[in-house]
Protein chains: 2
Amino acid sequence: MMNRTFVLLERISALLRSEQRREAGSAGLEPVHLQALGYLARANRFSDTPQSVGEYLGLSKGNMSQRLLWLERSGYLQRTKDEWDGRVVHLGLTGRGLKAVAEFSPPALWVEAGGEDENLAAELEKVLHRLLGRGGYRGFGQCRTCRHHQKRAGGGHCGLLKVDLEPDQIDKLCREHEMEEEAERIRTPDR
Amino acid sequence: MMNRTFVLLERISALLRSEQRREAGSAGLEPVHLQALGYLARANRFSDTPQSVGEYLGLSKGNMSQRLLWLERSGYLQRTKDEWDGRVVHLGLTGRGLKAVAEFSPPALWVEAGGEDENLAAELEKVLHRLLGRGGYRGFGQCRTCRHHQKRAGGGHCGLLKVDLEPDQIDKLCREHEMEEEAERIRTPDR
DNA sequence: TCTAATAGTATCGTTGCGATACTATTTAAT
DNA sequence: ATTAAATAGTATCGCAACGATACTATTAGA
């Protein structure tokens, strides 16, 4: 079998999706909701927008917009308008949103089975980066590991956006993230 | 971050699903169709049924039945009734089905990015088996690695079903598969 | 022989999804 | 400064995946 790795990935994720439905379905939460909430819990203040969530998950912006509106109306998210750019909206998790992530992502089965594994994570990260590079997707890495990041006293500084960063932002995900070495060219598909 | 492995798995599979839609969507093939076809291409003659596909992917039998009916009507599958048990139906890939699997599963991006990796596959297999054990899912392993399998001249023999196996069946997936060591108890959820 | 269990299908309501079209805001170009 | 283009987001449409439930047909078991 020469697609062994792919087949394993496919099945594991199918089973995990199935488990998430079983566990969170009664609350009306679908896998995509949990993924969006999970991302937003880890996104910095330049990347907590509908746009970014869609790019992160590879889903169309129209679709994402509707999922996020539902999440807001259901009390999992709170939206605030950007004070500089009237077009953009920022999304933050409410207490209910945080609770949902803590409870359902990852699903209980994952924890029970001891799914976390440093070795596996390292391997997955390598594959992910190869996929991101070839596919033209954004990397969404932490500021701390970004080539535009500069350490400053009491926080950091983004050389690309030219703004200072609060300490808590440095470990979060950024849509503008670029690796240290090669600057990967970015494609922004809407579809 | 203590859910690093899960988060990586989640994103990789989200992106791969997205790619599959992009590549196979024009043919009307959704990810679930490709997963079903891929499984059936590797299932032995006791496991090529709607029931088995649903269990393999963790989806309800009603849903699977409808997906499979569509696949048959669209010419990707051929159904034949079981000659012993009038209730069961066997599913086999047509030329068109085989072609679809070869073309779209895995998606081109996976191949381009060099996603296959022995090391990663081995790690994934370990996690999968832990998930299967805890979750009560069937393992669907190859006859060759089953505790009921007995080598015979010109093929093999299944000690559980008490039938001889043709050579080509030995490397295929079986829903009755049990590991050598511990016999895992099976749960059969319908949901 | 009758009852339960099983494999599969039909149908219903809900929701995820891409595509398209639209609004509002910002940026670039003339 | 006015106008055109780009961008972020939403609304709407059609389609299809999904679980739940109810149903049929066949087989196994008491």
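Chain A is the first sequence line, chain B the second, and so forth, proteins listed ahead of strands; every chain is numbered from 1.
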Among pairs that include at least one residue of residues 150-159 of chain A, which meet salt bridge (Lys or Arg N to Asp or Glu O under 4.0 Å), considering only residues two or more places apart or in two chains? A:R152-A:D164
With sequence neighbours excluded, what pairs up with B:A24 under the side-chain contact (heavy atoms from CB on, under 4.5 Å) test? B:L29, B:L34, B:F104
Does any pair with a residue in residues 103-112 of chain B pass side chain to side chain donor-acceptor pair (under 3.5 Å), and if so which ones, sequence neighbours excluded? A:R134-B:E112, B:W110-B:E116
Out of C:dG8, D:dA8, D:dA17, which nucleotide sits closest to the side chain of B:V32? D:dA17
A:R144: partners by side-chain hydrogen bond (donor to acceptor under 3.5 Å, both in side chains), with sequence neighbours left out: A:Q142, A:D171
Where along residues 98-105 of chain A does a heavy atom come under 4.0 Å from DNA chain D, residue by residue in number order? none
Sorted by chain and number, sequence neighbours left out, side-chain contact (heavy atoms from CB on, under 4.5 Å) with B:K126 holds for B:E123, B:R130
Pick the nucleotide of DNA chain C nearest each of A:L29 and B:S65; which residue has the one closer to the 5' end? B:S65
Can you check the A:L69 CG to D:dG9 C1' distance for me, whole Å? 9 Å
How close or far is atom C1' of C:dT9 from atom CD of B:E72, stated in whole angstroms? 13 Å
Would you kindly give the NZ-to-C1' distance between A:K61 and C:dA21, to the nearest whole Å? 11 Å
Report the distance from atom CD of B:Q66 to atom P of C:dC12, rounded to the nearest whole Å. 12 Å
Under the side-chain contact (heavy atoms from CB on, under 4.5 Å) rule, collect the residues that match up with B:D82, sequence neighbours excluded. B:W84, B:D85, B:V88, B:H90
Residues in contact with DNA chain D, drawn from residues 79-92 of chain A - heavy-atom cutoff 4.0 Å: A:R79, A:R87, A:V88, A:V89
Residue-phosphate contact under 4.0 Å: A:R67 side-chain N/O, C:dG16 OP1/OP2: yes
Rounded distance (Å) that lies between atom C1' of D:dC15 and atom NE2 of B:H33: 12 Å
Checking A:Y76 now: which residues fulfil ring-ring contact (aromatic ring centres under 6.0 Å, His included) with it, not counting sequence neighbours? none
Using a strict cut-off of less than 4.0 Å between a Lys/Arg side-chain nitrogen and an Asp/Glu carboxylate oxygen, indicate whether A:E125 and B:R4 qualify as a salt bridge. yes
Rounded to whole angstrom units, what separation is found between the CD atom of B:E19 and the C1' atom of C:dC17? 16 Å
What's the CZ-C1' distance between B:R21 and D:dA16, to the nearest Å? 9 Å
Heavy-atom nearest nucleotide on DNA chain D taken for A:R17 and for A:N63; more 5' hit belongs to A:N63
Expressed in angstrom and rounded to an integer, what is the separation of A:M64 atom CE from C:dA19 atom P? 16 Å
Does this structure show an ion pair linking B:R45 with B:E166, if we count only N-O contacts that are shorter than 4.0 Å? yes
